[in-house]
Peer 1: 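Here it is: the structure, laid out below.
Side chains are part of it too, since the values below use all heavy atoms of this structure and drop only hydrogens, waters and symmetry mates. Here the structure is a predicted model, which is why all the values come from computation and not from measurement.
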Amino acid sequence: METFFGLLAGNTLTRLVFFPTVAAVPLFFFTKTASKAAKIYVLIASLIELAFGVLYLAAHLGRDGGFPLVHDTVLSWISGYGVKYDLAMDGISMPLVLLGIFLLPLVILGSWRGITEHWPMFGASLLLLSTGVLGALLAYDLFLFYVFWEVMLVPMYLLIGIWGGERKIYAAVKFFLFTMAGSLLMLVAILWMAWTFQRLNGGVWSFAYDDLLRLNLPLHQQVWLFAAFALTFAIKVPMFPFHTWLPDAHVEAPTGGSVILAGILLKLGTYGFLRFALPLFPHASEVARPLLLALAVTGILYGALVAWVQVDMKKLVAYSSIAHLGFVMLGLLAADVVAWQGSLLQMVNHGLSTGALFLLVGMLYDRRHTKKFDEFGGLARVMPIFAFFLVFASLASVGLPALNGFVGEFMILTGSFRTLGWPAAVATFGVVLAAIYLLKMIQLTIWGPITKDENRKLADLSFREIAALVPLCVLMLWIGVAPNTFLQPSRQTLETVLAQYRQRVDEPDVRQASLRPATTGAEVAATEAGR
Amino acid sequence: MLELLWLIPILPLAGAAVNGLLGRRLPKALVTAVGVGAPLLSLLVALGCLWEYAHGQFPNDAYDQVLYAWTTGDLSIPVAFLLDRLSAVMLFIVTFVGFWIHVYSAGYMAHEEGYSRYFAYLNLFMSAMLMLVLGNNYLVMFVGWEGVGLCSYLLIGFYYDQPFPPYAGKKAFIVNRVGDFAFLVGMFALFANFGTLNYHDLFTTIATQPGLVTDHYTMGLPLASFVALCFFVGAMGKSAQIPLYVWLPDAMAGPTPVSALIHAATMVTAGVYMVVRSNVIYQLAPGVSQFVAVIGAATAIFAATIAIAQTDIKKVLAYSTVSQLGYMFLAAGLGAYSAALFHVMTHAFFKALLFLGSGSVIHAMGGEQDMSKMGGLKKYLPSTFRTYVIGALAIAGIPPLAGFFSKDEILHAAAANGQWVLWAVGLITAGLTAFYMFRSVFLTFFGSFRGTHEQEHHLHESPPVMTIPLWILAAGAVVAGFVGVPKVLGGIDRFHEWLQPVLFHPGQPEMGAGTEVLLIAIAVIVAAAGIFLAWRAYGGEDGLANERAWAARFPTLHRVLANKYYVDEIYDALIVRPLAVLSRFFWKVVDTYVIDGTINAGAYLTELTGDVGRFSTTGNVRSYALYFFVGVLLLGCWIAFG
Amino acid sequence: MVPISWYLMLAALLFAIGTIGALTRRNGISIFLSIELMLNAANLTLVAYSRQMGDRTGQLIVFFVMAVAAAEAAVGLALFIAVFRSRRTIDVNRLNLMRW
């Protein structure tokens with residue numbers, strides 16, 4: 001019988017999730033001023049975490065490049081209600097988990113200079129945030145998922161509220177309330193589902209994902225549950241019109257917070273749709289598809305247009321996130337395997353390119369303490385290396401072929417055009433708008449003559465800053481040139497999930513809630529082998 | 001040799017990587033060696049491959065080289081190159097002209113800051129362009145297509161610390177993106193219906209089952225028409241056709257060899273290449289083909305009229321390029337795909353030559369591009385003068401230079417198809433072309449010098465590294481036409497024969513030999529008349545005197561032409577500004593008031609409830625006791641009567 | 001034997017007096033005494049019913065109530081003494097620091 005601490009010691013998901021927490025404990029004993037030591041300590045911890053991630057991947061990545069579903073040993077948690085401690089990784093969560101782990105050291109490098117006070121607490125917040133994010137991505141029990149989902153909220157709230165900009169309290173509260181408002185509804189929905197499950201299962205409770213997936217609910221019940229889940233996730237994504245917390249949160253958050261927020265936190269929303277909202281409520285999602293599609297496409301165009309007229313560099317990037325995640329949502333709603341592959345890849349892509357852009361904005365902010373466009377211009381002359389990285393990351397974000405953004409967008413749009421038709425064509429126009437706002441950003445910051453004297457003596461990027469950007473750029477190029485390596489691990493998972501989803505969408509509506517028979521492990525293995 | 005096909009795009013890419021990443025630390029000679037050496041190696045490999053291809057037998061008449069799988073699964077796209085008769089022609093043009101322009105650049109850019117950056121961009125461009133022409137599916141083409149767009153953006157904005165060039169680069173990229181949007185939608189439609197983007201698979205399926213694409217698809221169009229239309233809109237952007245041509249004249253803000261390579265010889269002809277490549281689809285979409293022809297003809301004459309009133313020598317050439325590209329689309333729309341590609345080839349020679357010639361002039365004039373400040377340069381720049389005149393004669397269509405043959409084939413196609421209106425437009429454009437080209441010749445090289453004394457003092461012929469490419473291209477402009485001498489003039493039209501296998505229905509309507517000869521004679525006379533008129537107007541000592549008189553007599557016409565019909569201003573007022581207003585409305589009103597307003601109203605309401613409710617907290621024990629008492633009474637009532 | 005209704009009426013009377021006193025008096029000690037009155041009304045009821053039904057549990061509960069009332073009185077009086085020391089008054093109308 002394995003225990004939690006037994007799991008923590010092995011090459012397991014538990015170690016992946018809780019190592020940051022363990023590593024954060026000593027930070028509470030650092031004095032407030034021990035910044036240097038704290039920085040190095042946190043950096044080392046994040047690198048160890050990265051190594052753990054790679055080790056885990058190496059242990060489970062299939063020969064054929066596929067990634068099977070791997071569970072940690074399931075432990076009982078709240079036995080009376082069948083709540084289990086159950087972490088599992090499959091092709092859907094794997095890329096996002098690795099992205100999260102990968103971004104952490106870069107975030108720390110990017111915050112080296114920008115964060116001036118309470119470094120130990122800052123580092124601890126980042127580490128605890130990682131635990132929350134990774135836990136939410138890996139939880140296979142809905143109660144556990146909800147707990148991790150809320151755990152994410154607190155460190156992010158602190159990151160914005162303590163180390164943020166001028167209106168940090170406003171932004172932090174806005175962020176907290178928006179997210180909280182949605183997630184409480186989700187909690188109700190989860191409880192209702194578990195209750196229904198025990199009602200149909202002879203009084204035996206379970207929150208396990210696989211068990212709740214067996215629920216066959218009538219449409220009128222699905223609609224309410226789907227609405228609760230969808231609202232939670234739509235706020236997190238964020239989809240139009242629930243997006244207004246994002247620009248404020250980004251503008252006020254410190255660089256590191258923005259990178260984590262854009263890089264992984266937002267992905268939890270789209271991940272939630274892919275993992276929970278769509279498969280659990282197939283009929284309801286089918287009914288809600290036109291509405292969600294309209295919101296996704298609106299978000300793409302709306303986010304892009306609003307990004308275009310921003311005067312603040314960081315706000316521009318924040319609004320561009322809304323547009324980019326609109327693409328991801330479009331792909332998920334298309335229910336097409338190519339589009340789903342594209343969406344999953346685009347989640348990673350957005351984390352890389354927008355992460356890089358936020359890092360770059362932060363580097364500029366560290367030097368000039370402003371993010372307004374009219375303070376810049378002509379920086380390419382004094383900061384050529386910065387200019388290179390800015391152009392590179394922007395082009396990746398624009399979706400230039402041979403860089404990562406293109407692969408994701410192309411697959412999303414190709415796939416969704418196949419199943420949806422003209423909404424995908426309309427969304428494609430977002431590609432044009434992306435070029436407009438990002439080139440505007442480049443134009444106003446680095447091209448043209450230098451107009452402000454303060455900019456004449458700016459130092460170019462330091463070695464540390466380059467070290468934070470190079471890994472991102474390498475990955476962007478790699479994904480763009482050889483995307484297959486990155487698509488392969490998730491393909492089978494996505495195909496299986498999609499096949500099941502489509503089959504359930506086609507099933508007729510039932511009049512009363514019932515339970516589908518449980519699929520045994522052997523059957524799953526057989527279907528996997530049959531593919 | 002053919003197995004080295006992949007090296008052709010990769011070599012310049014490696015050159016770009018070396019110069020881009022290390023260039024600032026390398027000695028200049030090494031930068032030059034890498035920057036010019038990479039295209040040279042690429043040219044040599046290309047020539048080897050072409051030789052082997054021309055002398056070998058291949059299945060489907062094409063050599064396919066699959067490098068690796070870009071994506072697999074449902075959307076399965078390989079990174080693969082294809083050498084067939086069509087890409088062979090383009091491969092030759094791009095590597096040959098490209099290499100000589102690189103050589104020229106080594107001289108032209110020698111004293112510029114950012115030398116290594118320049119070569120990095122230019123090599124990157126070569127790589128992308130070669131990928132565009134060598135790809136064996138639409139996706140690889142699109143990768144190259146966007147890649148050349150990027151290089152165009154970077155090279156137009158090469159002088160990045162001035163205000164205008166980066167702006168022009170941005171404009172080029174965005175206008176191109178509008179076209180790319182349509183290109184993408186076209187690809188989506190193809191993939192959605194055929195599940196592949198591979199040329200061979202697609203075209204074989206369509207050619208054997210045309211019914212698949214001629215049934216109704218969407219918006220009242222059959223699939224073939226829809227895709228053809230999307231692709232043509234894509235081509236409009238890249239190849240600067242009405243209404244998306246506006247970026248090309250501004251693109252002249254880049255260094256002149258860039259204009260020669262990208263904005264005349266290679267990149268802008270990519271749209272023509274795409275249409276010819278997709279000829280199977282276009283032949284099944286006659287309506288769209290007619291549309292292509294009309295847009296081409298309209299662009300040709302429209303741009304030619306603007307070119308007449310420009311005084312910037314590069315702007316003249318830029319509008320001339322737009323006009324000639326219109327010619328190519330006229331041919332492609334008429335189904336004369338080989339004629340279109342033929343004109344691509346001859347145009348690559350003479351337009352690159354003209355641009356490089358203008359570059360040589362600008363170089364000598366110390367950066368001055370305004371023809372009203374030039375004049376009489378022929379005695380200072382003899383080589384430049386001679387080659388420039390050869391180029392001008394070629395583009396004007398004077399036999400036996402290259403432009404004559406290709407332009408004649410296009411006019412012939414219009415006449416043979418009975419499209420006499422298009423023929424007439426083409427003919428008028430030919431006359432206008434001859435006129436404005438020789439206007440630029442006379443204003444630049446004849447008469448007396450109109451610049452400053454200092455400029456006159458510095459006038460000098462360019463170094464051999466620049467004049468040799470001029471002469472090579474001039475030779476090309478003279479002889480390139482002979483591969484396509486029409487039968488009626490005793491030739492065998494090898495070019496046409498060569499391309500037959502890649503065309504779906506290669507046949508073109510024929511017409512009587514007598515008529516054909518007559519039409520040729522008319523075309524030549526019109527061209528000669530254009531030159532003559534230019535000589536009459538501008539051949540004098542002060543070439544500009546007549547123009548000033550004309551401008552005084554027709555001030556409105558002159559102003560409209562000189563301001564390019566105010567198209568930029570119209571776009572700005574109709575599209576850019578309303579969109580900006582809308583965006584600001586979204587941001588300031590929808591985001592701030594509607595969405596945040598709703599949410600803040602909710603928050604405010606909560607606060608208000610609290611504000612009202614808190615007055616019940618009087619702090620007075622006896623009030624609380626009263627509440628308590630009332631509560632107990634109510635409870636009692638409920639128990640007793642409820 | 002006195003019928004139970006008499007006890008109940010007395011209890012109700014006491015309770016009413018206590019309630020009115022608790023609601024109307026301003027002196028903290030008086031309120032306190034009124035509350036004691038109400039508690040004793042409840043006690044009386046409990047004892048009466050206990051006797052009526054022959055079940056001792058009611059009388060048992062009365063002891064609890066008395067104990068609690070004593071504890072309450074001790075704590076309450078201590079509070080009022082503390083309040084009086086700082087405010088020099090135990091008029092509850094003036095002890096309203098905890099209002100909105």
Peer 1: If you round to the nearest 0.5 Å, how far is OH of B:Tyr160 from CG of A:Leu379?
Peer 2: 10.5 Å

Peer 1: Between B:Leu579 and chain A, which part of the residue has a heavy atom less than 4.5 Å away: side chain, backbone, both or neither?
Peer 2: both

Peer 1: Please classify the contact of B:Val175 with chain A as side chain, backbone, both or neither, using a heavy-atom distance under 4.5 Å.
Peer 2: neither

Peer 1: Checking heavy atoms, do the side chain of B:Gln162, its backbone, both or neither come under 4.5 Å from chain A?
Peer 2: backbone

Peer 1: If you count heavy-atom pairs under 4.5 Å between each of B:Thr71, B:Val79, B:Leu582, B:Leu154 and chain A, which one has the most?
Peer 2: B:Thr71

Peer 1: Could you check if a side-chain atom of B:Asp161 sits within less than 4.5 angstrom of a side-chain atom of A:Trp447, using non-hydrogen atoms only?
Peer 2: no

Peer 1: Within a strict 4.5 Å, meaning less than it, do heavy atoms of the B:Asn193 and A:Arg418 side chains meet?
Peer 2: no

Peer 1: Identify which part of B:Phe181 has an atom lying under 4.5 Å from any heavy atom of chain A, answering side chain, backbone, both or neither.
Peer 2: both

Peer 1: Where does B:Val594 contact chain A at under 4.5 Å (heavy atoms): side chain, backbone, both or neither?
Peer 2: neither

Peer 1: Which atoms of B:Ala182 are under 4.5 Å from chain A, going by heavy atoms: the side chain, the backbone, both sets, or neither?
Peer 2: neither

Peer 1: Please examine the side chains of A:Leu439 and B:Tyr153, heavy atoms only from C-beta on, and report whether any two atoms are closer than 4.5 Å.
Peer 2: yes

Peer 1: Quick check for you: among B:Val143, B:Thr72, B:Val185, which has the greatest number of heavy-atom pairs under 4.5 Å with chain A?
Peer 2: B:Thr72

Peer 1: Between B:Leu184 and chain A, with a heavy-atom cut-off of 4.5 Å, which part of the residue counts as in contact: side chain, backbone, both or neither?
Peer 2: side chain

Peer 1: Please rank B:Trp70, B:Phe191, B:Phe586 by heavy-atom pairs under 4.5 Å with chain A and give me the top one.
Peer 2: B:Trp70

Peer 1: When you compare the side chain of B:Ile599 with that of A:Phe178, does any pair of heavy atoms fall below 4.5 Å?
Peer 2: yes

Peer 1: Are B:Ser583 and A:Val306 packed together at the side-chain level, in the sense that at least one heavy-atom pair is separated by less than 4.5 angstrom?
Peer 2: no

Peer 1: Looking only at the side chains, is there a donor atom on one of A:Tyr302 and B:Asp591 sitting less than 3.5 Å from an acceptor on the other?
Peer 2: yes

Peer 1: When rounded to the nearest 0.5 angstrom, what is the spacing between CZ in B:Arg177 and CZ in A:Phe429?
Peer 2: 11.5 Å

Peer 1: Please identify, among B:Phe142, B:Trp145, B:Trp587, the residue contributing the most non-hydrogen atom pairs under 4.5 Å to chain A.
Peer 2: B:Trp587

Peer 1: Less than 4.0 angstrom from a charged side-chain N to a carboxylate O is my criterion; do B:Asp596 and A:Lys174 meet it?
Peer 2: yes

Peer 1: What part of B:Leu67 gets within 4.5 angstrom of chain A, counting heavy atoms only: side chain, backbone, both, or neither?
Peer 2: neither

Peer 1: Quick one: pull up OG1 in A:Thr428 and CE in B:Met187 and give me the separation to the nearest 0.5 Å.
Peer 2: 10.0 Å

